[in-house]
2 protein chains.
Amino acid sequence: MTATDTNGTLSKSQQAYSWIRERINSGAFVPGFRLVLGSIAKELGVSVVPVREAIRRLEAEGLVTFERNVGAQVAMLDDSAYSATMQALGIVEGAATMLSAPFITAADIAAARLVNAQMIESLEHFEPRRFTELNREFHSVLFERCPNDQLLDLVHRGWNQMNVLRDSTFSFVPGRARASVDEHEHILKLIEDGADSLEIEMAARAHRTRTLDAFAAYQADRKRSPAQR
Amino acid sequence: MTATDTNGTLSKSQQAYSWIRERINSGAFVPGFRLVLGSIAKELGVSVVPVREAIRRLEAEGLVTFERNVGAQVAMLDDSAYSATMQALGIVEGAATMLSAPFITAADIAAARLVNAQMIESLEHFEPRRFTELNREFHSVLFERCPNDQLLDLVHRGWNQMNVLRDSTFSFVPGRARASVDEHEHILKLIEDGADSLEIEMAARAHRTRTLDAFAAYQADRKRSPAQR
DNA sequence: AGCAGAGAGATTGTATATTATTTGAGATAC
DNA sequence: GTATCTCAAATAATATACAATCTCTCTGCT
């Protein structure tokens with residue numbers, strides 16, 4: 001019964017939601033792109049109401065901004081918002097990792113190491129998108145077993161918000177990639193050794209803090225010489 | 001009320017949103033209450049679409065649950081969801097307090113102490129709702145100066161979700177109230193003394209953890225003797 | 001060059017039809 | 001006689017089409 005309700009009959013608003021979300025995530029709708037209700041409705045072959053509802057939902061998730069009587073556009077995080085999101089994600093994700101730790105199996109760790117190895121490989125021919133994918137896959141192992149659904153939800157939200165603007169910023173420090181991979185291994189080791197929960201949490205958080213610092217440095221550098229990117 | 005500031009022209013969906021939200025917060029719409037689109041629309045004198053949008057927004061905030069072709073009802077957190085929310089809130093709020101600490105002024109601390117004193121007073125003639133109000137007011141001082149808006153938003157979300165079900169659960173441990181007030185003072189003192197940021201964070205988090213423990217104990221007790229409450 | 005007004009385009013809201021779910025009555029089987 | 005299954009009617013959500021309101025832009029006049 002619940003199996004069949006999600007199958008063929010998918011509510012049009014949900015359909016619209018998935019459709020738009022897909023485009024945002026794939027980068028077809030870049031940050032700042034204006035989402036016109038009528039156009040989307042016509043393209044999807046539905047009315048404007050479901051589209052509107054879908055957009056409202058995306059707004060609540062922070063993927064879309066909405067202005068009264070003006071319309072919606074794909075969220076565009078400026079540098080400061082990006083930093084804030086990253087910091088918040090670090091806090092939430094660190095806690096989720098800490099809570100997950102007792103439930104992470106040896107198999108999980110092995111899988112994570114495999115992903116990490118792929119990340120190292122991918123450094124040869126660096127492709128930002130692929131690296132980001134792998135990165136998310138790795139981190140998933142760290143927090144997916146978190147027994148607190150509420151917290152886990154916050155983590156997912158944070159990741160999604162980061163994804164919104166990744167095209168414009170994720171390649172900001174190629175030099176950071178290598179260090180990132182090493183930190184991954186460090187965190188894995190802590191979990192494997194059954195380290196103190198606070199230590200695990202802070203290691204996971206620091207992993208983001210360092211990215212944040214690298215970003216700030218890059219940002220300052222970019223300001224100094226805006227020409228050569 | 002902040003009611004008439006941006007209004008004059010207040011979008012009907014926003015109007016509906018505020019109206020429903022008000023009722024939920026005031027307890028007029030108790031957890032589990034069924035929100036029928038048509039009825040609300042008629043009572044507000046608007047069409048069903050704005051109401052629907054308002055409810056979708058409340059759903060995104062976690063205050064309302066929505067089921068396809070069935071309808072909406074005020075969210076009802078069971079014990080486990082309540083615990084999870086509380087734990088997540090503790091984590092997020094603890095971090096927010098930690099980040100706020102450097103910006104908290106002597107005046108802020110004085111104000112917080114005043115609120116705390118009122119909480120002690122209110123213990124004489126204990127009124128759960130008043131106590132909850134004061135509690136939120138106190139905690140606001142601790143995290144409102146948080147420079148990270150994203151994180152602050154998560155804190156607010158958490159508090160609102162707690163509010164949804166407070167009527168049914170907040171009076172669960174009157175004995176906890178006194179300890180809570182003492183912990184408040186402890187946190188204030190740490191901030192005042194410029195304690196280590198991690199120490200502040202963990203003190204703030206522990207404040208919630210203890211409430212959580214008390215709740216678990218109460219829960220177990222209730223299971224043992226469900227008759228006498 | 002700068003301001004005013006008209007018009008196009010997009011959002012917001014209403015009325016209405018459609019679709020899905022639930023509920024209750026009646027009939028049949030045990 | 002009770003229980004269960006089926007079918008129909010009511011109820012409520014979902015989607016469409018239409019109307020009205022607002023915003024932004026482009027053009028023309030001073």
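In what follows, chains carry the letters A, B, and so on, assigned in the order in which the sequence lines appear, proteins first and then strands, with residues in each chain numbered from 1.
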Under the side chain to side chain donor-acceptor pair (under 3.5 Å) criterion, do A/T105 and A/D108 qualify, and how do the steps go?
-> CA-CA 5 Å; A/T105 66; A/D108 290 334; 3.1 Å; yes
Whether A/E133 and A/R130 form a salt bridge (side-chain N of Lys/Arg under 4.0 Å from carboxylate O of Asp/Glu) is what I want to check.
no
Decide, yes or no, whether a salt bridge links B/E201 with A/R205 under the criterion of side-chain N to carboxylate O below 4.0 Å. yes
Taken to the nearest whole Å, CD/A/E53 to C1'/C/dG13 is 15 Å
- prompt: Are OP1 or OP2 of C/dG13 and a side-chain N or O of A/R52 less than 4.0 angstrom apart?
  reply: yes
Return yes if a side-chain donor-acceptor contact under 3.5 Å exists between A/E144 and A/H156, otherwise no.
-> yes
query = Salt bridge check: are B/R157 and B/E61 linked by an N-O gap of less than 4.0 Å?
reply = no
Of B/V70 and A/N69, the one whose closest nucleotide on DNA chain D sits nearer the 5' end is B/V70
Taking five pairs at each terminus, the helix from C/dA1-D/dT30 to C/dC30-D/dG1 shows an axis bend, to 10°, of 10°
When rounded to whole Å, the CD to P distance for the pair A/Q15 and D/dT16 reads 10 Å
Please check if the side chain of A/S13 supplies one atom and the backbone of A/P50 the other of a donor-acceptor pair under 3.5 Å.
no
From CD of A/E67 across to C1' of D/dC22 the rounded distance in Å is 12 Å
5'-most contact on DNA chain D (nearest-nucleotide basis), B/R34 vs A/Q14, goes to B/R34
- Query: Does a nitrogen or oxygen in the side chain of A/K12 sit under 4.0 Å from OP1 or OP2 of C/dT19?
  - Reply: no
- Message: Looking at A/R34 and A/E67, is there a salt bridge between them, counting it only when a charged N and a carboxylate O are closer than 4.0 Å?
- Response: no
Note: contacts of residues 35-48 of chain B with DNA chain D (heavy atom, under 4.0 Å) are B/L35, B/V36, B/L37, B/G38
With sequence neighbours left out, the residues meeting salt bridge (Lys or Arg N to Asp or Glu O under 4.0 Å) with A/R57 are none
